[in-house]
Amino acid sequence: MEIFVATGDMIERVLDILTLLADYPQGLPISEVARRLELPKSAVHRLLSILVRRGLAVQDEYSQRYRMTVKLAAIGFRFLAASGITEICQPSLDRLAARTGELVRLALVEDDALIWIAKAQGALSGLRYDPDMGQPVVLHATSTGKAWLASLDEEQAVALVKARGFVVPSRFGRPIVRDEASLRAELALTRERGYGTSIEEGEPGTCAVGCAIVDPQSRRAIGTVSVAGPVARLPPERIAAIAPDVQATAAEI
């Protein structure tokens, strides 16, 4: 019987491949995976073969491209179901969505990032804002990210953003934060009012308000709750009006 021992470096490379493939649902050829990760094609082929064998990736019969399967997502959903997080939080999200008539989302802090894990859609007709939950949270250009950053030590918050850079994805609108000075000013304003805002920053034509969910024992933010929708329904004055409701929901959760 063959004994296989995975090294730490091999495990890291497997995770790098999964992270890369997550952004390409149509798949990538093995040569492109190797080029992007700066690895030999032979090593990439071996690692992809492991992922295919475990059902985490598949090679298209015609294009020969490799893509992820939904098995990894299913594992994540299984964890969330077992943890009870969404079951506990969903009623609060549903109530806030019904009161505001907009999209409500919950994100949790994971290491040095925020991950979307649940949502409730309050817009039953007309314009609906319902983005892909799989997109990463850009900390300095979203209401959710600003709300969490403002809860941290300022130097830690600045270091997190600088490590990622101030450039935003092409789908984003007009970010207010473009350098360290504007980041510090925006965090001060967020702390002062108790919530973060995004006015056509995360996406043109959309606005959002987000509040941190604070663990009452550790006093650390463990996640955020936000409301987002079209700018026509969420002008600055309405954001200010619904912010207390968002804060109350964050406290309730």
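- Summarising the local packing, CZ of R193 is surrounded by more than 12 heavy atoms from other residues, nucleotides or ligands at distances under 6.0 Å.
- In this structure, R164 CZ and D112 CG are separated by 6.0 Å, a value rounded to the nearest 0.5 Å.
- Atom CD1 of I117 is separated from atom CD of E110 by 10.0 Å, given to the nearest 0.5 angstrom.
- Under a hydrophobic clustering in which Ile, Leu, Val, Met, Phe, Trp and Tyr are joined whenever their side-chain heavy atoms come within less than 4.5 Å, directly or via other members, I199 and L234 fall into the same cluster.
- A continuous path of Ile, Leu, Val, Met, Phe, Trp and Tyr side chains, each step under 4.5 Å between heavy atoms, connects L72 with L47, placing both in one hydrophobic cluster.
- A donor-acceptor pair is defined here as one N or O able to donate and one able to accept, closer than 3.5 Å; such a pair exists between the side chain of E200 and the backbone of G205.
- At most 12 heavy atoms of other shown residues, nucleotides or ligands fall within 6.0 angstrom of atom CZ in R54.
- Under the 4.5 Å side-chain criterion, counting only non-hydrogen atoms from C-beta, V214 is in contact with R219.
- When the shell of 6.0 Å around CD of Q26 is examined, it contains more than 12 heavy atoms from other residues, nucleotides or ligands.
- Every pair passing ring pair (Phe, Tyr, Trp, His ring centres under 6.0 Å) that includes a residue from residues 152-195 is listed here, sequence neighbours excluded: H140-F166.
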- Message: Show, in sequence, the C-alpha distance, side-chain angles and deciding distance for W116 and L106, and conclude whether the side-chain contact (heavy atoms from CB on, under 4.5 Å) test is met.
- Response: CA-CA 6 Å; W116 302 114; L106 173 73; over 6 Å; no
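- Residues A118 and Q90 approach most closely at CB-OE1, 3.9 Å, considering heavy atoms.
- Annotation: E237, atom CD; neighbour count of heavy atoms from other residues, nucleotides and ligands within 6.0 Å is above 12.
- Salt-bridge check for R65 with E32: failed, with every basic side-chain N at 4.0 Å or more from each acidic carboxylate O.
- Residues L108 and T224 fail the side-chain proximity criterion, which asks for heavy atoms closer than 4.5 Å.
- Side-chain contact, D60 with Q64: no donor N or O sits under 3.5 Å from an acceptor N or O.
- Scanning all heavy atoms of the two residues, the minimum distance from A250 to C211 falls at CB-CB, 4.2 Å.
- The heavy-atom pair separating A228 from A208 by the smallest distance is CB-CB, 3.7 Å.
- Between A147 and G196, the shortest heavy-atom contact is CB-N, 4.2 Å.
- E155 is linked by a salt bridge (charged side-chain N to carboxylate O under 4.0 Å, His left out) to R184, counting only residues two or more places apart in sequence or in another chain.
- For R13, the salt bridge (charged side-chain N to carboxylate O under 4.0 Å, His left out) partners are D9, D16, not counting sequence neighbours.
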- Pair W148-L139, side-chain contact (heavy atoms from CB on, under 4.5 Å): steps then yes or no: CA-CA 8 Å; W148 179 52; L139 300 180; 3.8 Å; yes
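- Under a hydrophobic-cluster definition in which Ile, Leu, Val, Met, Phe, Trp and Tyr are linked whenever side-chain heavy atoms come within less than 4.5 Å, directly or via other members, M10 and V33 are assigned to the same cluster.
- Note that the NZ atom of K41 and the CG atom of L48 stand 11.5 Å from one another [nearest 0.5 Å].
- Using modelled atom types, no side-chain atom of D111 and backbone atom of A113 make a donor-acceptor pair closer than 3.5 Å.
- Closest heavy-atom contact between E186 and K146: OE2-NZ, 3.0 Å.
- Closest heavy-atom contact between V137 and G145: CG1-N, 4.2 Å.
- Using a distance-only test at 3.5 Å, with no hydrogens or angles considered, no donor-acceptor pair links the side chain of R191 to the main chain of S151.
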